[in-house]
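For reference, the structure is listed below as structure tokens.
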Amino acid sequence: MDLRLYDTLSREKRVFTPLDPNNVRMYVCGPTVYDFAHIGNARPVIVFDVLYRLLRHLYGADHVKYVRNITDVDDKINARAAERNIPIRDLTEETYRNFKEDVAALGCLAPDVEPRATEHIAEMKTLIERLVASGHAYVAEEHVLFSVPSMPDYGQLSKRPLDEMIAGARVDVAPYKRHDQDFVLWKPSKESEPGWPSPCGIATPGRPGWHIECSAMSWKHLGETFDIHGGGIDLVFPHHENEIAQSRCAFHAGVMANYWLHNGFLQVEGEKMSKSLGNFVTIRDVLKDWPGEVARFNMLRTHYRQPIDWTVKGLEESWKTLDEFYAAAGDVADKGVSGEVLWALTDDLNTPQMIAELHRLRAEVHSGAAGAPEALAGSLRFLGFLRETTAQWAGRRQAASNIDVSKVEGLIQERTAARKAKNWTESDRIRDALAAMGVVLKDSKDGTTWEIAR
RNA sequence: GGCCACGUGGCGGAGUGGUGACGCAGCGGACUGCAAAUCCGCGUACCCCGGUUCAAUUCCGGGCGUGGCCUCCA
């Protein structure tokens, strides 16, 4: 079964061929840890978790290495720590712990390595020294800058040819830059800012620029060239473009990663998410009102490259669908992922197609097909769902609805008595009363069951 | 202004040069005391205008709309 992935660099879907099938390597840009991650940040985390699971299935769990970095040095972090009057390290550690809890609740496996920028300063400095030595970077006023004109084919990922960028430049340019598009690899730190001994004979302590950390960490943990590099589409320029420039020039390599994958943007209720619009949603906010599996499913209903509109209506629909999957396969023993689900995923992670296959399996369960519940359960668990028992799952609805269980069961007993006496008026009155409370009844030969209206 | 995406039925959302994925909602039927659940059936959708073609929602050009990026910000 060929896996095909859309590569941003070549702008086409290509069959995935790893450099080494025994060591498939993927790097994904992780969070800058200064505050709770928002729901837009959750998208790449979930999408690349699905890809990670798929790669582990195709190549074997021991033959895949997934690296997602933690950016714990950044001016936003410095500012926030100062604002809260706490040490930087406390802020980054606290934020990282929260992030880990959030993504675990979303059903994501932990990456194999979660490297921190501050633990890779030495590698960054090595890269910077190399770039300066080979003429791809220069020192100016205690900064080290990457020289964009030193790389003739700069701009291929974002399709921004150098000459057009010069024409379009309209921003104040720092006077020490030789060229408008040159970007910072290292910058001096004030005494109040975190700093490390600088490279290239610069006396003042300094700190790394935004892009160099990913070049350093992917190098350290995956090598000079690796298979997949992922992240949000907003990172294509300048972040990934500049990573490519740094890594390729430092290693004199034609490529940094063979496949560049980017997830599309997220909107909230049809609007751009922003603090000023008051629709800024953190993962934590979502998890307060919705099970993590619902959020995860909701994210996968849209193909990862499409823009997604995050809505309450969509979440409600997702919850309902998962209810049905739990009802059909909740406590069933696993029998592995179904071939159809895999087939859908190997076509550039076509998760909507995959969900259609899940619905097909569910229909097979209802029509009594042998092995269907196991196939559905196996597929859902493969994808990070069905992590609870059916009872636990049903309890989430009850917990979210403040229903008085003993009162409900008392009314059901009264109704059962009325039905036995064929007092349909009374029995329907009780059922209507329960419906008004949000409780739906199901009568069967074995008695009456109930659940929360959905 | 430049570059890059996206625009599919009431809603969500795949996909394809020629028989209307899938889900939600809705409608009809079976079942049921009546319902719910389940099962069966029901939809003449591809932003607009040109072009290519025997045939375009799908390819090409233009337009309109929405979004992203273009800044050591988020």
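Numbers restart at 1 for each chain; the letters A, B, ... are given by sequence-line order, proteins then strands.
- Under the 6.0 Å distance and 45° angle rule, A:Arg396 does not count as a cation-pi partner of A:Trp290.
- Scanning RNA chain B for stems, defined as runs of 3 or more consecutive Watson-Crick or G-U wobble pairs whose donor-acceptor distances all fall under 3.5 Å, gives the following ranges: B:1-7 with B:64-70, B:10-12 with B:22-24, B:26-30 with B:38-42, B:47-51 with B:59-63.
- Between the side chains of A:Asp443 and A:Thr448, at least one donor N or O sits under 3.5 Å from an acceptor N or O.
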**Message:** Quick one, A:His240 with A:His262, criterion ring-ring contact (aromatic ring centres under 6.0 Å, His included). Give me CA distance, side-chain angles, the key distance, then yes/no.
**Reply:** CA-CA 10 Å; A:His240 288 167; A:His262 293 99; 5.0 Å; yes

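- Judged by a 6.0 Å distance limit and a 45° cone about the ring axis, A:Arg14 is not positioned over the six-membered ring of A:Tyr6.
- Considering A:Thr92, A:Thr118, A:Thr95 in turn, A:Thr118 is the only one that fulfils the side chain to side chain donor-acceptor pair (under 3.5 Å) rule with A:Asp72.
- A residue-by-residue look at A:Ala356 and A:Trp424 shows that A:Ala356 has its nearest nucleotide of RNA chain B further toward the 5' end.
- Across B:U38, B:A36, B:G33, the shortest atom-to-atom separation from the side chain of A:His366 is found for B:U38.
- Contact annotation for A:Glu357: no contact, since no heavy-atom pair falls under 4.0 Å across all strands.
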Tabulate protein N/O versus nucleotide N/O from nucleotides 63-68 of chain B, keeping only pairs under 3.5 Å, one per line.
unit_1 : atom_1 : unit_2   : atom_2 : d
B:G68  : OP1    : A:Lys272 : NZ     : 3.2

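- Between B:U8 and B:C48, the two P atoms lie 11 Å apart (nearest whole Å).
- Nucleotides B:C31 and B:A45 have their C1' atoms positioned 33 Å apart, rounded to a whole Å.
- Residue contacts for A:Ser427: at a heavy-atom cut-off of 4.0 Å it reaches a base atom on one of the strands shown.
- By the 4.5 Å heavy-atom criterion applied to side chains, A:Leu127 and A:Gln246 are not counted as neighbours.
- In this structure, A:Arg284 fails the cation-pi test against A:Phe99, since its NZ or CZ atom is not both closer than 6.0 Å to the six-membered ring centre and inside 45 degrees of the ring normal.
- The gap from the P atom of B:A37 to that of B:C24 amounts to 11 Å, rounded to the nearest Å.
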**Prompt:** How does each nucleotide of nucleotides 23-32 of chain B score, in 5' to 3' order, for protein heavy atoms under 4.0 Å: base (B), sugar-phosphate only (S), or none (-)?
**Reply:** BSS-------

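- The base of B:G33 is paired with the side chain of A:Asp428 by a donor and an acceptor separated by under 3.5 Å.
- Although no hydrogens or angles enter the test, the distance criterion places no donor-acceptor pair under 3.5 Å between the side chain of A:His143 and the main chain of A:Leu145.
- To the nearest whole angstrom, the two C1' atoms, one in B:G63 and one in B:G26, are 36 Å apart.
- Judged by distance alone, with hydrogens and angles left aside, the side-chain atoms of A:Glu12 form no donor-acceptor pair with the main-chain N or O of A:Asp7 at under 3.5 Å.
- Look at CZ on A:Arg4: it is 10 Å from P on B:G15, rounded to the nearest Å.
- Here the side chain of A:Asp309 pairs a donor or acceptor atom with the backbone of A:Gly270 at under 3.5 angstrom.
- The aromatic rings of A:Trp393 and A:Tyr326 sit parallel, their planes meeting at an angle under 30°, below the 60° perpendicular limit.
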**Message:** What verdict does the ring-ring contact (aromatic ring centres under 6.0 Å, His included) test give for A:Phe146 and A:His179, after you've listed the backbone C-alpha separation in whole Å, the side-chain angles of each residue and the deciding distance to 0.1 Å?
**Reply:** CA-CA 10 Å; A:Phe146 184 90; A:His179 181 96; over 10 Å; no

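- One interatomic measurement links the two molecules: CG of A:Asp309 to C1' of B:G7, which rounds to 14 Å at whole-angstrom precision.
- Across the protein-nucleic acid pair, A:His239 atom NE2 and B:C73 atom P stand 11 Å apart, rounded to whole Å.
- In this structure, A:Trp343 atom CH2 and B:C22 atom P are separated by 12 Å, rounded to whole Å.
- For the pair A:Arg178 and A:Tyr138, the cation sits on the ring face: its NZ or CZ lies under 6.0 Å from the ring centre, inside 45° of the axis.
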Which atoms of nucleotides 46-48 of chain B (N or O only) lie under 3.5 Å from a protein N or O atom, and what are those distances?
none

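- Spacing of P atoms, B:C54 relative to B:G62, comes out at 24 Å, to the nearest Å.
- Going from the C1' atom of B:G7 to that of B:C49 covers 16 Å, rounded to whole Å.
- Across B:C69 and B:U52, the matching C1' atoms stand 34 Å from one another, rounded to whole Å.
- No engagement by A:Phe325 is indicated, since no non-hydrogen atom pair under 4.0 Å with the nucleic acid exists.
- Note on A:Arg11: only backbone sugar-phosphate atoms sit closer than 4.0 angstrom, heavy atoms only; bases stay farther off.
- Between A:Asp35 atom CG and B:C73 atom C1' the separation is 16 Å, expressed in whole Å.
- Judged as a side-chain contact (heavy atoms from CB on, under 4.5 Å), and not counting sequence neighbours, the contacts of A:Arg84 are A:Arg80, A:Ile86, A:Leu91, A:Glu94.
- Here the P atom of nucleotide B:G13 and the CG atom of A:Leu358 are 18 Å apart, to the nearest Å.
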**Criterion ring-ring contact (aromatic ring centres under 6.0 Å, His included) on A:Tyr259 and A:Phe16, from CA distance to verdict** = CA-CA 8 Å; A:Tyr259 299 83; A:Phe16 176 68; 5.0 Å; yes

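- Of the residues in residues 209-218 of chain A, not one places a heavy atom less than 4.0 Å from an atom of RNA chain B.
- Applying the 3.5 Å distance criterion, the base of B:C34 shares a donor-acceptor pair with the side chain of A:Arg431.
- If you take atom C1' in B:G68 and the same atom in B:C11, they sit 25 Å apart, rounded to whole Å.
- Using modelled atom types and a 3.5 Å distance limit, the side chains of A:Ser198 and A:Trp186 yield a donor-acceptor pair.
- One interatomic measurement links the two molecules: CH2 of A:Trp310 to P of B:G13, which rounds to 12 Å at whole-angstrom precision.
- Rounded to whole Å, the distance from OH on A:Tyr304 to P on B:C6 is 12 Å.
- A cation-pi arrangement is absent between A:Arg53 and A:Phe382 under the rule of less than 6.0 angstrom and at most 45 degrees off the ring axis.
- Take the nearest nucleotide of RNA chain B for A:Thr425 and for A:Asp182: the residue whose nucleotide is more 5' is A:Thr425.
- Between A:His38 and A:Phe280, the two ring planes are perpendicular [angle over 60°; tilted spans 30° to 60°].
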